[in-house]
Amino acid sequence: MGAPQKTQKQLPLRPAGPDTVAALLRWYEAERRDLPWRYGPRKKADPYRVWLSEIMLQQTTVKAVIPYFQKFVARWPNVAALAAAQLEEVLQQWAGLGYYSRARNLKACADAVVRDFDGVFPRTEVELRELPGIGPYTAAAIAAIAFGEKATPVDGNIERVVSRLFAVQQPLPAAKTEIRNLAATLTPARRAGDFAQAMMDLGAEICTPKNPSCLVCPVQPDCAASARGIAETLPIKAQKLARPSRFGIAFLVQREDGAVLLRQRPEAGLLGGMLEVPSTHWGDASPSKREALRSAPVTTSWMAVPGPVVHVFTHFRLELVVYRAIVPVDASFTLWAEQDRCRWVHRRDLHAQALPSVMKKVIAHGMNAE
DNA sequence: GACCCGTGGGC
DNA sequence: TGCCCAAGGGT
């Protein structure tokens, strides 16, 4: 033979199973995160709070969610209160958290629970799955955490932990089915909720995407990926496409009394139902000045504010050049935009509007340009 | 399965 | 800076 083969040391490894889960649950009881929607290990939490937190946490970090969660439960302490609210209020309170269809579905779900279930959340995955905004993950999470049902929510954390525990080599998203089955195999009948939350805490604090802390991991002895030294490389993900750029011109119209012209966006699609600063179409290239003026909401003299506002969405990057104008308070100008969707909002009231972050950026950029 | 749908933070 | 990431759902 040639040079001695440098094989990786293979420790005897039992596949993850009930003992792994027991070790994980012990770790959870000692190290669990204290979060405002949790009631404590071995306890079932308030279904309303679990549901609200799970919707907010969809693709959103715990840190970003906490202040919104506190604000919502203070204002609407139960599902009946939320059902009695106006959608407009809910969108206002949701502004800044992103993925605004969640806010619409949140309201629709509260309405449905009050209407169809007498204000009591159903406890099974199948029933929960029928409600607006509740998909397979959230249905399983609520069933397990709030009701103690044996359900297996699989989020990004759990996908990562499971793919490492079993050294799943198949790339995502194709591997989702296998990962789900493996996670279900581990789920204990008694403490499915604690198990799910323990897996999520482990993923958030130990089994992180980069630089996982295998040395202090409670289930490291049972982890196939750690044994092979490939934990950080898992899960393998399919390549992503480059993010295209779009360009437009936004028209910040300020009235002499300090009001700003805003318009409500269509209910469906990007930033659905939220307020916006009127703008041109967002296209693949910057609109010409001629094109821009054709879509201006009023005929007036515009000042181009130096430097575009750049905002990155999930699937494209947006550059908006802000045109700014001051108009008189009387109606001595013509409003070309769809008037019924437009409103004047005083500067001091902007914070209470359903304004997405990108539009707050546009307004701040334009108003600071003086 | 593939797209669309926000935002802020970490590195 | 640019990319990745975060307790996904709807279509």
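Note on naming: letters A, B, ... go to the chains in the order of the sequence lines (proteins, then strands), and numbering restarts at 1 for each one.
If you check every strand for non-hydrogen atoms under 4.0 Å, A/Lys63 touches nothing. A/Trp51 comes within 4.0 angstrom of nothing in the nucleic acid, heavy atoms only. When heavy atoms are screened at a 4.0 angstrom cut-off, A/Pro136 is found touching the sugar-phosphate backbone but no base atom. A/Leu35 comes within contact range of at least one nucleobase, with a heavy-atom separation under 4.0 Å. Using a 4.0 Å heavy-atom criterion, one finds that A/Ile55 contacts no nucleic acid atom at all. Residue A/Gly96 is classed as a sugar-phosphate contact, given heavy-atom separations below 4.0 Å to backbone atoms only. Looking at heavy-atom distances under 4.0 Å, A/Val358 makes contact with sugar-phosphate atoms alone, never a base. Residue A/Ser53 is classed as having no contact, given no heavy-atom separation below 4.0 Å to the nucleic acid. Within 4.0 Å (heavy atoms only), A/Arg104 reaches no atom of the nucleic acid at all. At the heavy-atom level, A/Arg33 lies under 4.0 Å from base atoms of the strands shown.
When each of A/Val62 and A/Leu131 is assigned the nucleotide of DNA chain C bearing its nearest heavy atom, the one mapping closer to the 5' terminus is A/Val62. Comparing A/Glu54 and A/Ile134 along DNA chain C, the residue whose closest nucleotide (by nearest heavy atom) sits nearer the 5' end is A/Glu54. Closest-nucleotide positions on DNA chain B for A/Ala174 and A/Thr60 were compared, and the one nearer the 5' end corresponds to A/Ala174. The 5' end of DNA chain B is approached more closely, in terms of each residue's nearest nucleotide, by A/Pro173 than by the other of A/Leu270 and A/Pro173.
Between the C1' atom of C/dT1 and the CD atom of A/Glu319 lies a distance of 14 Å, rounded to the nearest Å. Atom NZ in A/Lys176 sits about 11 Å away from atom C1' in B/dG1, given to the nearest Å. Look at CH2 on A/Trp282: it is 11 Å from C1' on B/dG6, rounded to the nearest Å. Atom CE in A/Met359 sits roughly 11 Å away from atom P in B/dG6 (whole-Å rounding). Nucleotide C/dG10 holds its C1' atom 16 Å from the CG atom of A/Leu106, rounded to whole Å. Remark: C1' of B/dC5 and CZ of A/Arg317 are 19 Å apart, rounded to the nearest angstrom. Rounded to an integer number of Å, the gap from A/Tyr68 OH to B/dT7 C1' is 9 Å. Taking atom NZ of A/Lys237 as the reference point, atom C1' of B/dG1 lies 17 Å away to the nearest angstrom.
Here B/dT7 is the nucleotide among B/dG8, C/dG9, B/dT7 with the atom lying nearest to any side-chain atom of A/Phe313. For A/Gln58, the listed nucleotide lying nearest its side chain is C/dG9; candidates were C/dA6, B/dG6, C/dG9.
At least one side-chain heavy atom of A/Leu202 sits less than 4.5 Å from a side-chain heavy atom of A/Pro218. Side chains of A/Asp201 and A/Trp27 form a contact here, defined as non-hydrogen atoms less than 4.5 Å apart.
A sub-4.0 Å separation between OP1 or OP2 of C/dA6 and a side-chain N or O of A/Gln59 is absent. Distances shorter than 4.0 Å separate none of the side-chain N or O atoms of A/Tyr99 from OP1 or OP2 on B/dC4. For A/Lys360 and B/dT7, the shortest distance from a side-chain N or O to OP1 or OP2 is not below 4.0 Å. For the pair A/His315 and B/dC4, the criterion of a side-chain N or O lying under 4.0 Å from OP1 or OP2 is not met. Side-chain nitrogen and oxygen atoms of A/Arg160 include at least one within less than 4.0 Å of the OP1 or OP2 phosphate oxygen of C/dA6.
The existence of a salt bridge linking A/Glu149 and A/Arg190 is excluded, since no basic side-chain nitrogen approaches an acidic carboxylate oxygen closer than 4.0 Å. For A/Arg75 and A/Glu89, the salt-bridge test passes: some basic side-chain N is under 4.0 Å from an acidic carboxylate O.
Scanning atom types as modelled, no donor and acceptor separated by under 3.5 angstrom connect the side chain of A/Ser101 and the base of C/dG9. With hydrogens and angles ignored, no donor-acceptor pair under 3.5 angstrom links the side chain of A/Tyr137 to the base of C/dG8. Residue-to-nucleotide contacts include no donor-acceptor pair under 3.5 Å from the side chain of A/Ser357 to the base of B/dG6.
For A/Phe121 and A/Trp51, the gap between ring centers is short of 6.0 Å.
A side chain to side chain contact (heavy atoms under 4.5 Å, CB included) with A/Leu106 is found for one member of A/Leu87, A/Ile55, A/Asp111 and no other, namely A/Ile55. Checked against A/His311 for a side chain to side chain donor-acceptor pair (under 3.5 Å), the options A/Lys361, A/Arg317, A/Glu319 give a single hit: A/Lys361.
Taking atom P in both B/dG6 and C/dT11, one finds a spacing of 14 Å when rounded to whole Å.
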